[in-house]
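In what follows, a single structure is set out as structure tokens and then discussed.
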Amino acid sequence: TFMNKPLKFSSAKTKLLWVTDPHLQHRPDWGDTPPLWKSRGFKSGDEHDAWFDAEWVKHVDVDTTIFSLGDHTFSDPKGERFRRFSNLPGRILGLTGNHFSGLKTLYREAMKTRGLGDHEMLYPFTLGNFTLMGESIHAYIDSTSVFMSHYPHRVWPEIGVGGFHCHGHCHRKLIESNPETTTAGKVLDCSVDNAIVYNGTPFFSWDDIKHIMSKKPVVKRDHH
């Protein structure tokens with residue numbers, strides 16, 4: 001159904017959380033300065049990942065829907081860490097991102113099992129509690145349009161009438177998308193990096209997002 005029309009959620013009935021770019025199992029030897037886990041305040045990648053898993057169990061229950069906007073795991077050629085991620089509690093609606101080690105391996109295994117070729121697509125792809133939704137999700141949460149993608153967009157659905165845009169990828173480096181910026185429209189980088197600064201967890205809740213977006217202006221960038 002995600003290819004045909006927006007999803008619909010009631011925040012009164014479903015707990016909703018956003019997470020993106022956890023980069024689980026990120027052990028960079030190729031130029032991150034400082035390493036991602038260090039920039040988030042941890043002494044090692046293992047400490048970072050243990051914190052993430054513990055926070056997930058603390059804040060997520062079986063009835064929670066989590067929008068995971070990409071870059072879930074890293075350096076995961078066999079998909080072992082991604083499989084662990086996919087079995088965390090809750091209903092995970094995920095996007096691909098640009099670092100999809102682990103997810104790519106398991107996706108290709110599933111395609112091969114179903115007899116699909118390299119140029120075919122497998123949707124929805126479900127593994128454990130994770131469902132791959134492609135490259136974007138458009139949802140109405142209560143009455144608010146929320147467009148989600150891994151990369152930030154300049155325009156998005158209902159931008160001119162107050163629609164929200166949630167994205168990842170930027171790790172707090174795109175100033176206009178940070179929670180404290182109130183000049184660039186209703187857009188939010190939901191990365192773990194921003195969440196830690198905002199509330200000390202890996203997640204943004206729906207109440208967090210509504211509060212942040214209430215301080216950001218509506219912008220109109222095209223004829224819509």
Side-chain angles (χ1 to χ4, degrees), residues 17-60 66-90 92-107 127-130 132-133 135-137 148-153 165-181 184 187-205 208-209 212:
L17 295 174
W18 280 254
V19 66
T20 185
D21 301 90
H23 281 236
L24 299 171
Q25 202 164 285
H26 194 165
R27 308 290 183 266
D29 297 320
W30 44 268
D32 277 9
T33 308
L36 185 61
W37 47 262
K38 188 173 183 179
S39 70
R40 292 176 178 175
F42 297 92
K43 296 178 180 178
S44 69
D46 288 339
E47 182 185 63
H48 169 273
D49 291 3
W51 166 82
F52 181 88
D53 288 349
E55 287 290 300
W56 190 289
V57 172
K58 179 180 178 181
H59 293 282
V60 176
I66 308 97
F67 300 104
S68 187
L69 308 185
D71 287 13
H72 319 283
T73 60
F74 200 90
S75 301
D76 186 24
K78 296 182 180 180
E80 295 170 346
R81 190 61 178 89
F82 187 87
R83 192 179 294 277
R84 286 171 54 198
F85 170 77
S86 72
N87 283 309
L88 289 169
I92 309 168
L93 302 182
L95 303 180
T96 49
N98 61 299
H99 295 299
F100 40 85
S101 178
L103 170 58
K104 177 171 62 176
T105 299
L106 297 170
Y107 183 83
L127 182 74
N129 297 321
F130 178 93
L132 178 61
M133 303 295 288
E135 295 187 352
S136 66
I137 299 170
M148 295 165 259
S149 60
H150 180 68
Y151 298 101
H153 288 235
H165 175 32
C166 296
H167 69 82
H169 186 66
C170 296
H171 297 274
R172 200 171 159 76
K173 299 295 175 60
L174 186 64
I175 301 302
E176 68 184 57
S177 292
N178 289 342
E180 63 272 18
T181 303
V187 55
L188 178 64
D189 172 6
C190 292
S191 64
V192 171
D193 313 81
N194 260 331
I196 287 175
V197 172
Y198 187 78
N199 60 28
T201 80
F203 308 104
F204 286 95
S205 70
D208 290 336
I209 290 175
I212 291 166

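Owing to the predicted nature of the structure, the values given are computational and were not obtained by experimental measurement.
- Side chains of Leu88 and Val60 form no contact here, defined as non-hydrogen atoms less than 4.5 Å apart.
- From Leu93, atom CG reaches atom CG of Leu69 across 10.0 Å, with rounding to the nearest 0.5 Å.
- Checked by atom type and distance alone, the side chain of Asn87 never pairs as donor or acceptor with a backbone atom of Gly128 at under 3.5 Å.
- Between His171 atom NE2 and Thr20 atom OG1 the span is 7.5 Å, to the nearest 0.5 Å.
- When ring centroids are compared, His167 and His165 come within the 6.0 Å threshold.
- At distances below 3.5 Å, not a single donor-acceptor pair connects side-chain atoms of Asp53 with backbone N or O atoms of Val57.
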Steps toward side chain to side chain donor-acceptor pair (under 3.5 Å) verdict (Asp46, Ser44): CA-CA 5 Å; Asp46 288 339; Ser44 69; 5.2 Å; no

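- Side chains of Asn199 and Thr201: a donor-acceptor N/O pair is present below 3.5 angstrom, by distance only.
- With salt bridges taken as basic N to acidic carboxylate O contacts below 4.0 Å, one links Arg172 and Glu180.
- Across Lys78 and Leu106, no two heavy atoms sit closer than the pair O-CD2, 4.4 Å.
- A donor-acceptor pair is defined here as one N or O able to donate and one able to accept, closer than 3.5 Å; such a pair exists between the side chain of Asp71 and the backbone of Asn98.
- Of all the heavy atoms in Glu176 and Ala184, the pair that sits closest is CB-CB, 3.5 Å.
- Using a 4.5 Å cut-off on side-chain heavy atoms (C-beta onward), Asp21 and Val192 make no contact.
- Side-chain N or O atoms of Thr73 include one that pairs as donor or acceptor with a backbone N or O of Ser101 at under 3.5 Å.
- Counting heavy atoms from C-beta outward, Trp56 and Val19 have side chains that approach closer than 4.5 Å.
- Checked against the 6.0 Å centroid threshold, His99 and His23 count as a close aromatic pair.
- Looking only at distances, a side-chain donor or acceptor of Thr105 sits under 3.5 Å from a matching main-chain atom of Pro77.
- Separation of atoms CD1 (Ile66) and CG (Asn129) is listed at 8.0 Å; rounding is to 0.5 Å.
- The distance from the CG atom of Leu36 to the CZ atom of Phe74 is 9.0 Å, given to the nearest 0.5 Å.
- Between His59 and Leu17, the closest heavy-atom pair is O-CD1, 3.9 Å.
- Between the His169 side chain and the Ser191 main chain, no donor and acceptor come within less than 3.5 Å of each other.
- Side-chain contact check for Thr181 versus Val187: every heavy-atom pair is 4.5 Å or farther apart.
- Pro152 approaches Gly168 most closely through the heavy-atom pair CD-O, 4.2 Å.
- The aromatic ring centres of Tyr107 and Phe100 sit 6.0 Å or more apart.
- Between Pro179 and Phe204, the closest side-chain pair of non-hydrogen atoms falls below 4.5 Å.
- Contact annotation: the side chain of Ser68 approaches that of Phe85 to within less than 4.5 Å [non-hydrogen atoms, C-beta and beyond].
- Of the inter-residue distances, the one linking Phe67 atom CZ with Ile209 atom CD1 reads 9.0 Å to the nearest 0.5 angstrom.
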Side chain to side chain contact (heavy atoms under 4.5 Å, CB included) between Arg40 and Asp193, intermediate numbers included: CA-CA 6 Å; Arg40 292 176 178 175; Asp193 313 81; 3.0 Å; yes

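- Closest of all the heavy-atom pairs between Phe203 and Glu55 is CE1-O, 3.8 Å.
- Side-chain contact between Tyr198 and Ile212: present, with at least one pair of heavy atoms (C-beta onward) separated by less than 4.5 Å.
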Residues Phe82, His72; criterion side chain to side chain contact (heavy atoms under 4.5 Å, CB included); working and verdict: CA-CA 7 Å; Phe82 187 87; His72 319 283; 3.7 Å; yes

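- Between the Asp49 side chain and the Gln25 main chain, a donor and an acceptor come within less than 3.5 Å of each other.
- Nearest approach of Asp189 to Asn194, heavy atoms of both residues: O-ND2, 3.0 Å.
- No more than 12 heavy atoms of other residues, nucleotides or ligands shown are found within 6.0 angstrom of CD on Glu135.
- Taking OG1 from Thr96 and OH from Tyr151, the interatomic distance works out to 7.5 Å, rounded to the nearest 0.5 Å.
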